[in-house]
K.L.:
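Take this structure first; my questions come after.
We count ligands from 1, going down the list as the structure has it; atoms in each ligand are counted the same way. We use all heavy atoms of the structure for the numbers below, so side chains are in, but hydrogens, waters and symmetry mates are not.
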Amino acid sequence: MTTIDEETSPRSRLADPDEAISFDELRLATRNHGMPLEMLDLDLTPPGLHYVLVHYDIPLLDPTTWRLAVDGHVERPVSLDLGEVLALPTVSHRVTLECAGNGRARTTPRPISQPWLDEAVGTAEWAGVPLAALLERAGVKQGAVDVVFTGADHGVERGVEQDYQRGLPLGQALSEPLFLAHTMNGQPLPPQHGAPLRLVVPGWYGMAHVKWLTRITVLDRPFDGFQNETAYRITHQPGEQGEPVTCIQPRAMLRPPGFPDFQTRTRVVDVGTHRLTGRAWSGLAPIERVEVSVDGGSTWVDADLGPLGGPYEWRAWSWSWQADTPGRHELSARATDAAGNTQPLEQHWNRQAMANNHVQRVPVVVRQ
Ligand SMILES: Nc1nc2c(c(=O)[nH]1)N[C@H]1C(S)=C(S)[C@@H](COP(=O)(O)O)O[C@H]1N2
Ligand SMILES: [Mo]
């Protein structure tokens, strides 16, 4: 077997201080698109406008031959076809999904990876089968430790060839909110979102929600795969073990007001009153407060919160901006959740720019 060299699959690297976005990053950015921020107007993001993140290629799985295996440290290994999965009792939840790398391109120094700005987020109504019911059917044996979810996609990352795989501790895999989704906003999953079946881990950053699921394996030892042990970690030094990336940190997002310039996307509004709107979410606790700043983060005022919806979906907010002063302004919003977590004004830097929830900044020109 020929090994995959470093030119083909480079190691992780931080950009040099003045290094521009490269073709490699641009290629990732065109494959993995964000949600257009005007979709913050909608409770549910239409599939196709929901953000997409795919590490390797989108596998086109044949629903007539696809099967899901539940195996490993279990009493009765299970193998189901799609009809059998669809026939199982179903749960449905509105879940806000955000990529752990959201905001990465704005961090300094920036790690070379998918260069997200602000829009790696979306909310869908996902429906599917509770994971605990399937694990009970397979009969998890004494001594089980972790549960591994394997996708049908295959690639190489920093020299490590792999199927996309993520592990979860058994206790969490058995917890109530986790489910295997076959339906998104009332339709079968589209190819880019994991057809025919994906894991949904409400409240967690995107990487845990394994798409194109083919296998669920119970282990009697901790899982040490690449996406858990190397990729999704908060580290500050090369080679450091660091902490795993888990739940979504609070974030508020502003629907950019007025109309945009084509190239810079700077907003233009007329002098007068503008109802600013947006959404806020946290995987840690319900959203309790959203504040808005119209002066680049110097002063903050409380926004009005919309109703608290389901436990895993974003919450709407709004605030009336008296835009009396012509000229350039910078709008921001920041969220605080019921556990007291709030958004930092400046970045919390880490080597892979994970779980970065610094505030969004929207340049607006007020015209007479
Ligand atoms: N099999 C598989 N599952 C995956 C991924 C992947 O590349 N392969 N990407 C993960 C990451 S990093 C994110 S952010 C979410 C994105 O889900 P979405 O594209 O449906 O928004 O899927 C996760 N599940
Ligand atoms: Mo992600």
K.L.:
Does the structure place the NZ or CZ of Arg334 under 6.0 Å from the centre of the six-membered ring of Trp300, at an angle of no more than 45° from the ring's axis?
P.N.:
yes
K.L.:
Please report the C-alpha distance between Arg267 and Asp261 in whole Å, then the side-chain angles of each, then the deciding distance to 0.1 Å, and finally whether the salt bridge (charged side-chain N to carboxylate O under 4.0 Å, His left out) criterion is met.
P.N.:
CA-CA 6 Å; Arg267 316 301 300 189; Asp261 171 70; over 6 Å; no
K.L.:
Out of all atoms in ligand 1, which are within 4.0 Å of some heavy atom of His209? Include the element for each.
P.N.:
22 (O), 23 (C), 24 (N)
K.L.:
Measure from atom 9 (N) of ligand 1 to every heavy atom in Val210, Val245, Leu53 and give the option owning the shortest one.
P.N.:
Leu53
K.L.:
What part of Lys211, side chain from CB on, backbone N/CA/C/O, both or neither, has a heavy atom under 4.0 Å from ligand 1?
P.N.:
both
K.L.:
Compute the minimum heavy-atom distance from Arg166 to ligand 1 and say whether it is under 4.0 Å.
P.N.:
no
K.L.:
Please assess Phe179 against His93 for the test ring-ring contact (aromatic ring centres under 6.0 Å, His included), listing each intermediate value before the final yes or no.
P.N.:
CA-CA 9 Å; Phe179 62 103; His93 289 292; 5.6 Å; yes
K.L.:
Using a strict 4.0 Å cut-off to heavy atoms of Leu97, name the atoms of ligand 1 that fall inside it.
P.N.:
17 (O), 21 (O)
K.L.:
Return the orientation label for the Tyr232 and His55 ring planes: parallel under 30°, perpendicular over 60°, tilted otherwise.
P.N.:
tilted
K.L.:
Run the salt bridge (charged side-chain N to carboxylate O under 4.0 Å, His left out) test on Arg315 and Asp337 for me, step by step, so that the C-alpha distance in whole Å, both residues' side-chain angles and the decisive distance to 0.1 Å come before the verdict.
P.N.:
CA-CA 11 Å; Arg315 185 172 191 180; Asp337 69 22; over 6 Å; no
K.L.:
Cluster question for you: counting only ILVMFWY and a side-chain heavy-atom cut-off of under 4.5 Å, with indirect links fine, are Val52 and Leu37 together?
P.N.:
yes
K.L.:
Would you please test Trp204 and Arg166 for side chain to side chain contact (heavy atoms under 4.5 Å, CB included) and show each step?
P.N.:
CA-CA 13 Å; Trp204 278 52; Arg166 286 275 309 180; 4.1 Å; yes
K.L.:
Minimum distance, heavy atoms only, to atom 13 (C) of ligand 1: which one of Ala231, Pro59, Gly206 is it?
P.N.:
Gly206
K.L.:
Mind checking whether Tyr232 has a heavy atom under 4.0 Å from ligand 1?
P.N.:
yes
K.L.:
Would you say Glu38 has more than 12 foreign heavy atoms packed within less than 6.0 Å of its CD?
P.N.:
yes
K.L.:
Hey, can you tell me if Trp126 and His193 have their rings parallel, tilted or perpendicular (30° and 60° cut-offs)?
P.N.:
perpendicular
K.L.:
By number and element, which atoms of ligand 1 are closer than 4.0 Å to a non-hydrogen atom of Val54?
P.N.:
7 (O)
K.L.:
Taking only heavy atoms of Cys99, which atoms of ligand 1 are found under 4.0 Å from at least one of them?
P.N.:
14 (S)
K.L.:
Report the nearest protein non-hydrogen atom to atom 7 (O) of ligand 1: residue, atom name, distance rounded to 0.1 Å.
P.N.:
His55 N, 2.8 Å
K.L.:
Which option, Tyr164, Tyr56, Tyr205, owns the non-hydrogen atom nearest atom 10 (C) of ligand 1?
P.N.:
Tyr164
K.L.:
Enumerate the atoms of ligand 1 whose separation from the nearest heavy atom of His193 is less than 4.0 angstrom.
P.N.:
18 (P), 19 (O), 20 (O), 21 (O)
K.L.:
Applying a heavy-atom cut-off of 4.0 Å, say which part of His50 lies close to ligand 1: side chain, backbone, both or neither.
P.N.:
side chain
K.L.:
Using a 6.0 Å cut-off, check whether atom CZ of Arg221 has over 12 heavy atoms from anything other than its own residue.
P.N.:
no
K.L.:
Please state which protein non-hydrogen atom is closest to atom 17 (O) of ligand 1 and give its distance, to 0.1 Å?
P.N.:
Arg198 NH2, 3.1 Å
K.L.:
Quick one: which of Trp212, Tyr51, Trp116, Trp204 has a heavy atom closest to atom 21 (O) of ligand 1?
P.N.:
Tyr51
K.L.:
Taking 4.0 angstrom as the limit and counting only heavy atoms of Asp153, give me the atoms of ligand 1 inside it, by number and element.
P.N.:
1 (N), 2 (C), 6 (C), 7 (O), 8 (N)
